[in-house]
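Right, one structure below, let's go through it.
Proteins come first, then strands; the chains are lettered A, B, ... in the order of their sequence lines, and each starts at number 1. Side chains are part of it too, since the values below use all heavy atoms of this structure and drop only hydrogens, waters and symmetry mates.
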Amino acid sequence: MADAAPTHKSKPGPHSKPNREGQAAGSDPQAAAAPVDFIREIVRADLRRDPATPPVTRFPPEPNGYLHIGHAKSICLNFGVAEEHRNAGARCHLRFDDTNPTRESPEYVRSIQDDVRWLGFDWGEHLYFASDYFDTFFDCGEHLIGQGLAFVDSQSADQIRDSRGTLTRPGAPSPWRDRPAEESIDLFRRMRSGEFADGTHVLRARISMEHSNLNMRDPVLYRIVHASHHHTGDRWCVYPMYDFAHPLEDALEGITHSLCTLEFEDHRPLYDWVVEHCAPVIERVLGRPSRPRQIEFARLNLTSTVMSKRKLLALVEKGLVQGWDDPRMPTLSGLRRRGYPPEAIRRFCQAIGITKFPGTTEVGVLEHQVRDELNRHSRRHLGVVRPLKVVIGNWPEDRIDTLTPAHNPDDVTSVERALPFGRELWIDRDDFMLEPPKGFFRLSPGTEVRLRYSYVMRCDEVVTDAAGEPVELRCSVDHDTLGRNPEGRKVKGVIHWVAAASAVACEFRLYDRLFTVDDPDAAEGGYEAVINPRSLDICHGWIEPALAGVLEAETRVQLERAGFFVADRHDHAAERPVLNRIIGLRDSWARRQA
RNA sequence: UGCCCCGUGGUGUAAAGGUAGCACAGGGGAUUUUGGAUCCCUUAGUCAAGGUUCGAAUCCUUGCGGGGUAGCCA
């Protein structure tokens, strides 16, 4: 070998430095620019090796809860991979993994479809239910029994658990392990026909009770559950376990790359075992072989967020939030009601990438994508969330001027709107301080500010209530400052306002993070102990009439200096506007105060 | 305690043996009729130790650290 070929690493054929960016079949420039993670690498390599077999992926939720931002990561991956290879014939299925009737419901089937569509993905005609394959699963069960690879175990659940062994100690075989195949087949069929009560028998794979991987210790394949199923009704009283059903579902649909999260890593040997040993049945049904491959990636963890369906369900059931679509929830329906644009969520999923490292992403990354998207696409309006009355002494009582600012002053193509200005205004309480700290350049007694799009105004007098709280400001404007700066002095502060005479009353729901700490799961006392008491603040204020005129449910807008808002999907009405705060603007003043 | 997986700035992620880059966050400045946006600059990283190599984040060994895993859930 010493003096063999003079070559250094010249990788032959498919390994010779593939073009990592340009391999996608699609010509979408955004897709071409998207990062290529290790899964996309595998998909591309497989397609290069075998161009006649396009990638087929699937998003396989169990309809037992609402989808959340973590699912979005999986959806974007699975549908994204398919989109990138659309020209090669790739597709992505939406499949309900509905093998446990006791937890599932049609409400979830509906919401999941709504959410995937809202996110911007389309499964075309490829909508499937695992429960539609139950006959084939059962055939596979019989096939395995016939091969001596499965048996009906008549032990109780406790006995099975006790004989499974531990992490360090092997398990012991079931006394029924060597039951004749004919007997197992007979029992298996009688299980299906409803002869036995729940828990009396199960179908188990016959692999090894000494395997170092606990999943391989004669895993249960089928159990008896006398329960009505949302999709198959009362046709079945035996249901397959995930480990049995999932590889078969994938194989039956011709899935090439079965992408799932890291906790299934240890299940892969069993996945492969099922695919291999049921291959004859699958091939008979399909008329061709089908060998899906499972690849695992890290699920999404977000700071200041709980992601488990169980905890999300608990928040809903304990009334700590107002439902699955409460705008503080990380569910897709919650984020939607909160006003997060689907595009921002997709960009977020692209930004965080796909790896096997189980890290935690800062929510700030999500919020950045939301701000960025909103900033580029939202029209600007004026609205006052916490009103404080202003009377301009040197402005005639009945004079109303109409200003015509652009909807987006940063956008030269932006159209204008009519903005009335009069003697009485509402401004925000936060923009006035009786005793301002250093560096505060909004309004205080004797100082001037710019009224956005309007005049420079001075505060001449403050009317306070018995408690000393300001209730009204008497002010005057400099008539010479409309559209130009005053001479001889600099006015640094700019505040928003709404003319009282034409203002439209509006309810504002100010949302903030649901939890006060980065890792609510690790909080002592549990996540419920660290719920942010100020995660919802309801205020009653005013918006400019031009905004009230265009507001419909789910309309997103920026209220200048106050943040981005969306008309509530359910509670907004033209005559009674309700705006949810999506997210505040970056605020370097507030940050300096903190 | 067995088995499996994973360790790159504060966080997330690139670099396929050849200049450690990007984004978010942080800091500074310019600009500004949103304390926004925009633009410029900037702080900060290969878990450790050995080995292979002209050259290692990358390959090998050992150690350390983190995650997953003992449902008739998925």
Side-chain angles (χ1 to χ4, degrees), chain A residues 8-9 11 15 17-18 20 35-37 41 60-62 64 97 99-100 102-103 153 155-157 160-161 164-171 198-204 211-217 219-225 239 241-243 245-246 260-269 296 298 303 309 351-362 364-369 371-372 375-376 380 382 405 408-410 439-442 449-454 456 481 483-485 491-496 518 558-563 584-592:
Chain A
H8 358 275
K9 30 76 214 277
K11 296 180 193 153
H15 292 294
K17 189 65 176 186
R20 309 181 79 198
V36 178
D37 51 72
E41 299 252 6
E62 183 189 16
N64 69 342
D97 201 5
T99 56
N100 184 354
T102 62
R103 310 183 175 221
D153 193 345
Q155 297 184 101
S156 69
I160 289 178
R161 187 177 347 99
R164 180 156 29 230
T166 68
L167 293 177
T168 52
R169 231 174 288 288
D198 291 7
T200 52
H201 305 275
V202 291
L203 181 72
R204 284 234 254 173
H211 204 110
S212 58
N213 180 340
L214 293 261
N215 295 117
M216 298 295 273
R217 316 244 258 234
V220 172
L221 266 24
Y222 255 99
R223 77 286 212 189
I224 301 171
V225 181
Y239 292 91
M241 298 288 290
Y242 168 89
D243 281 321
H246 209 88
C260 65
T261 44
L262 253 25
E263 67 269 26
F264 293 103
E265 233 158 9
D266 289 341
H267 295 245
R268 191 177 348 119
E296 311 86 12
T303 57
K309 276 190 194 173
I352 58 176
I354 299 289
T355 67
K356 299 188 77 135
F357 179 71
T360 301
T361 301
E362 293 173 345
V365 180
L366 209 211
E367 293 173 343
H368 169 262
Q369 295 295 344
R371 275 203 192 91
D372 190 53
N375 179 55
R376 281 180 292 124
R380 269 118 248 224
L382 297 184
N408 186 340
D410 293 337
F440 182 82
F441 37 82
R442 277 109 98 156
V449 288
R450 163 73 62 182
L451 293 171
R452 180 71 164 153
Y453 302 126
S454 179
V456 167
T481 54
R484 63 176 178 208
N485 286 323
V491 176
K492 203 159 187 200
V494 180
I495 68 171
H496 54 281
D518 277 356
Q558 183 192 113
L559 259 30
E560 292 199 56
R561 300 209 320 128
L585 267 23
R586 283 184 83 229
D587 187 346
S588 56
W589 168 250
R591 212 170 348 124
R592 182 136 72 96

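Distance noted for atom P between B:rG67 and B:rU11: 15 Å (whole Å). Rounded to whole Å, the C1' atom of B:rU43 lies 22 Å from the corresponding atom of B:rU38. Comparing the C1' positions of B:rG63 and B:rC24 gives an interatomic distance of 34 Å, to the nearest angstrom. Distance noted for atom C1' between B:rC47 and B:rU8: 10 Å (whole Å). Atom name C1', nucleotides B:rC72 and B:rA57: the rounded distance is 46 Å, in whole Å. Taking the P atom of each, B:rG28 and B:rC64 are spaced 43 Å apart, rounded to whole Å. On the C1' atoms, B:rU31 is 8 Å away from B:rC39, given to the nearest whole Å. The separation of B:rA48 from B:rC5, taken at their P atoms, amounts to 23 Å, rounded to a whole angstrom.
A salt bridge is absent between A:Glu62 and A:Arg103: the closest approach of a Lys/Arg side-chain nitrogen to an acidic carboxylate oxygen does not fall below 4.0 angstrom. A salt bridge is absent between A:Arg591 and A:Asp587; no separation between the charged side-chain nitrogens and carboxylate oxygens falls under 4.0 Å.
Considering only side-chain atoms of A:Phe357, the nucleotide from B:rU1, B:rG10, B:rU13 that sits closest is B:rU13. Closest to the side chain of A:Glu41, out of B:rA16, B:rC6, B:rG35, is B:rA16. Listed nucleotides B:rA37, B:rG35, B:rU13 differ in distance to A:Thr355; the shortest reach to its side chain belongs to B:rU13.
Side-chain N or O atoms of A:Asn213 include one that pairs as donor or acceptor with a backbone N or O of A:Asp266 at under 3.5 Å.
The phosphate of B:rU11 has neither OP1 nor OP2 within less than 4.0 Å of any side-chain N or O from A:Thr303. For B:rU34, neither phosphate oxygen OP1 nor OP2 lies less than 4.0 angstrom from any side-chain nitrogen or oxygen of A:His496. Contact annotation: A:Arg561 side-chain N/O to B:rG35 OP1/OP2 distance is under 4.0 Å.
Atom CZ of A:Arg586 is separated from atom P of B:rC24 by 10 Å (rounded to the nearest Å). Whole-Å rounding puts the A:Asp518 CG to B:rA25 C1' distance at 12 Å. In this structure, A:Phe441 atom CZ and B:rU34 atom P are separated by 11 Å, rounded to whole Å. When the C1' atom of B:rC3 is taken as reference, atom CZ of A:Arg268 falls 13 Å away, rounded to whole Å. Distance CG (A:Leu382) to P (B:rG36): 17 Å, rounded to an integer number of Å. The distance between atom CG of A:Asn408 and atom P of B:rU34, rounded to the nearest whole Å, is 12 Å. Between the CD1 atom of A:Ile354 and the C1' atom of B:rA23 there is a distance of 16 Å, rounded to whole Å. Per the geometry, CG belonging to A:Asp37 stands 16 Å off P belonging to B:rA16, to the nearest Å.
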Across nucleotides 67-74 of chain B, 5' to 3', mark each nucleotide with B, S or - according to how protein heavy atoms within less than 4.0 Å reach it. -BBBSBSB
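A donor and an acceptor atom sit less than 3.5 Å apart, one in the side chain of A:Arg380 and one in the base of B:rU34. No donor-acceptor contact under 3.5 Å links the side chain of A:Asn375 to the base of B:rG36. A donor N or O paired with an acceptor N or O is found under 3.5 Å between the base of B:rG10 and the side-chain atoms of A:Glu362.
The shortest side-chain heavy-atom distance between A:Val491 and A:Asn485 does not fall under the 4.5 Å cut-off. Side chains of A:Pro219 and A:Met241 form no contact here, defined as non-hydrogen atoms less than 4.5 Å apart.
Both A:Gly353 and A:Gln558 lie close to RNA chain B; mapped to their nearest nucleotides by heavy-atom distance, the more 5′-ward contact belongs to A:Gly353.
Applying the salt bridge (Lys or Arg N to Asp or Glu O under 4.0 Å) rule to A:Arg380 yields no partners; only residues at least two apart in sequence or on another chain are considered. For A:Asp37, the salt bridge (Lys or Arg N to Asp or Glu O under 4.0 Å) partners at least two apart in sequence or on another chain are A:Arg40.
Residue A:Arg442 is classed as a base contact, given a heavy-atom separation below 4.0 Å to a base. Using a 4.0 Å heavy-atom distance criterion, A:Asp587 is classed as a sugar-phosphate-only contact. Within the 4.0 angstrom heavy-atom criterion, no nucleotide atom of any strand lies near A:Gly493.
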Dot-bracket for RNA chain B, 5' to 3', with Watson-Crick and G-U pairs under 3.5 Å, [ ] for crossing pairs and | for other-strand pairs: what is it? .((((((..((((....[..)))).(((((.......)))))....(((((..]....))))))))))).....
Protein-nucleotides 27-33 of chain B N/O pairs closer than 3.5 Å?
| from | atom 1 | to | atom 2 | distance (Å) |
| --- | --- | --- | --- | --- |
| B:rG27 | OP2 | A:Arg591 | NH1 | 3.2 |
| B:rU33 | O3' | A:Arg452 | NH1 | 3.2 |
| B:rU33 | O2' | A:Arg452 | NH1 | 2.7 |
| B:rU33 | O2 | A:Tyr453 | N | 2.8 |
| B:rU33 | O4 | A:Arg450 | NH1 | 2.8 |
| B:rU33 | O4 | A:Gly483 | N | 2.8 |

Just the atom pairs and distances: protein N or O near nucleotides 39-46 of chain B's N or O, under 3.5 Å.
none

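Here CG of A:Leu366 is found 8.5 Å from CD1 of A:Ile352. Values are rounded to the nearest 0.5 Å. One distance of note links CD of A:Gln558 with CG of A:Asn408; it measures 8.0 Å at 0.5 Å rounding. Expressed to the nearest 0.5 Å, how far CG of A:Leu214 lies from CE of A:Met216 amounts to 11.5 Å. Here the OG1 atom belonging to A:Thr102 is positioned 9.5 Å from the CG atom belonging to A:Asn64, to the nearest 0.5 angstrom. Between the CD atom of A:Gln155 and the CZ atom of A:Arg161 there is a distance of 12.0 Å, given to the nearest 0.5 Å. Taking CZ from A:Arg452 and CD1 from A:Ile495, the interatomic distance works out to 12.5 Å, rounded to the nearest 0.5 Å.
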Pair A:Asn100, A:Arg223 - check side-chain contact (heavy atoms from CB on, under 4.5 Å), show working. CA-CA 10 Å; A:Asn100 184 354; A:Arg223 77 286 212 189; 3.8 Å; yes
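Minimum interatomic distance between A:Val456 and A:Thr481 (heavy atoms only, all atoms of both residues): N-OG1, 2.9 Å. Shortest non-hydrogen contact noted between A:Arg164 and A:Arg217 is O-NE, 3.0 Å.
The aromatic rings of A:Trp589 and A:Phe441 are tilted relative to each other, their planes meeting at an angle between 30° and 60°.
Glycosidic torsion of B:rG71 falls within 90° of 0, placing the base in syn.
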